[in-house]
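Right, one structure below, let's go through it.
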Amino acid sequence: YTVDLSKLSIDDITFDNKSNLVTITIPHALLAYVTVDVEKTEFEETKKALFAFGEIKLTNEQLNLLEQNIQDAMEEQLNSAEMQTKADAAALSQVQKLFEPIVKTVDPKIILATAFAK
């Protein structure tokens, strides 16, 4: 998941003098890419058919189709509402950690908050 901070502008940062609060408004986290880590992939034992001999062999086309199905299943799971909520929570936390030291160098009394654009 990523948050594109390159599009942040001055309009995305507000300061409330009364509460000494800086609020940075960021976009929601988006799934950037899915990478299947073959090294960490676990395969279950294949069951042999009655007249099957040796290991199962896949053609390149079958292997590509299998990998695409795995990719699609992972993207479907990662784009679920539950995972998006977790990604957004992590995004708020990480952006807070990124900007807080900068804000604190300006004035240690300033409170930083992060929120999502509406």
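Only heavy atoms go into these numbers, but all of them, side chains included; no hydrogens, no water, no symmetry mates.
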Is there a path from [X] to [Y] through hydrophobic residues (I, L, V, M, F, W, Y) whose side chains come within less than 4.5 Å of each other?
X: L5; Y: I102; result: yes
X: L92; Y: I110; result: yes
X: L98; Y: L21; result: no

Separation between [atom1] of [X] and [atom2] of [Y], rounded to the nearest 0.5 Å:
X: K104; Y: E100; atom1: NZ; atom2: CD; result: 5.5 Å
X: T2; Y: L30; atom1: OG1; atom2: CG; result: 6.0 Å
X: I26; Y: I13; atom1: CD1; atom2: CD1; result: 12.0 Å

What's the shortest heavy-atom distance between [X] and [Y], and which atoms?
X: F116; Y: A29; result: CE2-N, 4.5 Å
X: M83; Y: L78; result: CB-O, 3.4 Å
X: A115; Y: T23; result: CB-CG2, 4.3 Å
X: Q77; Y: S80; result: O-OG, 2.9 Å
X: N20; Y: D107; result: ND2-OD2, 4.4 Å
X: F99; Y: L8; result: CZ-CD1, 4.3 Å

Examine the side chains of Q68 and N64 and answer whether a donor and an acceptor come within less than 3.5 Å of each other. no
Please check if any side-chain donor atom of S19 sits under 3.5 Å from a side-chain acceptor atom of D16, or the reverse. yes
Run Y33 and T35 through side-chain contact (heavy atoms from CB on, under 4.5 Å) and show every step you take. CA-CA 7 Å; Y33 56 89; T35 304; 3.4 Å; yes
Could you check whether any side-chain heavy atom of F15 comes within less than 4.5 Å of a side-chain heavy atom of V103, counting everything from C-beta outward? no
